[in-house]
Amino acid sequence: MQNLAPLSVRPHQNEAKPPKRPINAKADRHFVTALARGLEVLSAFRSRDRMLGNQELARRCGLPKSTISRLTYTLTKQGYLEHADDGNGNGGYRLGSAVLALGSTMLARMDVRQLARPLMQELADRSQSMVSLGMRDRLSMIYVENCRSESALTLSLDVGSRIPVATTAMGRAYLARCSETQRAALLDRIRDRDPKTWPQVRAGIERALAEYKELGVCTSFGEWQKDVNAIAIAFHAPGGRSVMAINCGGPGFNLSPDYLLREVRPQMVALAHRLEEPGGAF
């Protein structure tokens, strides 16, 4: 299995301080702050959100409401947002067709999805679970492909859903496989986002890295959601060589830790190896 460096983060002088922005715009003359803030607004939307108002967007982005109002106006003019109404006279915004066009273009170019889907579906049917393929965005993993067993209860997640990097099997597998530099930077951001829970989160990540070294997979048994068990493995996608991850999970009453590690783990390891070898098994 892969050799992993010890988990490390930079010393933190004051855990009570709010997290710093990831990029110092003043120190980088090429950095366009307005563009970055507009992208932050688009990234604030989640698959479960029917619409978001300026006040909620301001809270999620950590920006003044007046700034958010200008950004949402501009994004609406460009087609990246559109006005929405909840039927009770409350207005807000939802993602527009321009965002869909960008996402569809990206997904269409991800050949690994087409290669992985039949193998993922086979694993989902065998294990009576849900098998998902994901990639990282900030401190989340985003599902880009999803396969469910028709004969078992599975999670209500689909393509586009986000799950946290720190507490899920998929996110931990990504941390185990990405570069040491990337891992250290992500750990800093995870710690800064919620210093109070960091000791517990760090312990879970350390355990996951040890698991990956020993077993080739990472686990999350009731740590993300108390009734959900999952295991995951990461791999380098052919061509772009970006790190992606596959997880297999579902309700704990249906997928016990012992079953996932004893029966599903060998199949997941074989699946990841097939996807990592360009053209080798297809």
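The first residue in the sequence is number 1, and the count goes up from there. Since we're looking at a predicted model, the values are computed, not measured.
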Exercise for review: Step by step, work out the side chain to side chain contact (heavy atoms under 4.5 Å, CB included) result for S127 and Y259.
Suggested key: CA-CA 9 Å; S127 58; Y259 173 77; 3.8 Å; yes
Rounded to the nearest 0.5 angstrom, the CE-CD1 distance for M170 and I163 is 5.0 Å
So side chain to side chain donor-acceptor pair (under 3.5 Å) across residues 158-170, not counting sequence neighbours, yields D137-R162
Contact between L275 and I246 at the side-chain level, heavy atoms closer than 4.5 Å - yes or no?
yes
Donor-acceptor pair, Y93 side chain versus L57 backbone, under 3.5 Å? no
| message | For a 4.5 angstrom cut-off between non-hydrogen side-chain atoms, does W198 reach L187? | response | yes
Residues passing the side chain to side chain donor-acceptor pair (under 3.5 Å) test with R46, sequence neighbours excluded, are none
Residues passing the salt bridge (charged side-chain N to carboxylate O under 4.0 Å, His left out) test with D49, sequence neighbours excluded, are R60
R37/E40 salt bridge by N-O under 4.0 Å criterion = no
Counting C-beta onward and ignoring hydrogens, is there a side-chain heavy-atom pair between C61 and V41 closer than 4.5 Å? yes
The side chain to side chain donor-acceptor pair (under 3.5 Å) partners of E122 (sequence neighbours excluded) come to R126
Query raised in the report: Mind checking whether I233 and N247 have side chains closer than 4.5 Å, heavy atoms only?
Result: no
Note to self: So does A185 get a backbone contact from the side chain of R183, meaning a donor-acceptor N/O pair under 3.5 Å?
What the structure shows: no
CD1 of I142 to OG of S140, rounded to nearest 0.5 Å, is 7.0 Å
Across all chains, not counting sequence neighbours, the side chain to side chain donor-acceptor pair (under 3.5 Å) partners of S256 are none
Output for pair (I190 CD1, I205 CD1), nearest 0.5 Å, gives 4.5 Å
Separation between CZ (R193) and CZ (R138), nearest 0.5 Å, reads 9.5 Å
Salt bridge (charged side-chain N to carboxylate O under 4.0 Å, His left out) filter on R94, not counting sequence neighbours, yields E82
Would you please test L133 and Y143 for side chain to side chain contact (heavy atoms under 4.5 Å, CB included) and show each step? CA-CA 6 Å; L133 174 68; Y143 284 0; over 6 Å; no
Can a donor-acceptor pair be found, under 3.5 Å and without considering hydrogens, that links the side chain of T72 to the backbone of I68? yes
The reported gap from CG in L52 to CG in L81 (rounded to nearest 0.5 angstrom) is 9.5 Å
- Is there a side chain to side chain contact (heavy atoms under 4.5 Å, CB included) between M268 and L123 once you walk through the steps? CA-CA 8 Å; M268 286 196 69; L123 178 56; 3.7 Å; yes
The reported gap from CG in L175 to CZ in R136 (rounded to nearest 0.5 angstrom) is 8.5 Å
Hits for salt bridge (charged side-chain N to carboxylate O under 4.0 Å, His left out) against R117, two or more places apart or cross-chain, chain-then-number order -> E145
Considering residues, nucleotides and ligands other than E263, do more than 12 of their heavy atoms fall under 6.0 Å from its CD? yes
Residue set satisfying side-chain contact (heavy atoms from CB on, under 4.5 Å) with Q182, at least two apart, ordered chain then number -> Y174, C178, S179
With sequence neighbours left out, the residues meeting side-chain contact (heavy atoms from CB on, under 4.5 Å) with A169 are S220, A230, A232
Residues passing the salt bridge (charged side-chain N to carboxylate O under 4.0 Å, His left out) test with R50, sequence neighbours excluded, are none
Residue set satisfying side chain to side chain donor-acceptor pair (under 3.5 Å) with D227, at least two apart, ordered chain then number -> none
Tell me whether Y73 shares a hydrophobic cluster with L42, the cluster being built from Ile, Leu, Val, Met, Phe, Trp, Tyr side chains joined at under 4.5 Å. no
Hydrophobic clusters here meaning ILVMFWY residues chained together by side-chain heavy-atom distances under 4.5 Å, can you tell me if F45 and M51 are in one? no
Worksheet entry | Pair E223 + R172: basic N to acidic O under 4.0 Å | yes
Salt bridge check, E276 against R177: does any charged N sit closer than 4.0 Å to a carboxylate O? yes
L260 meets the side-chain contact (heavy atoms from CB on, under 4.5 Å) criterion, sequence neighbours left out, with F221, N229, I231, C248, L255, V264
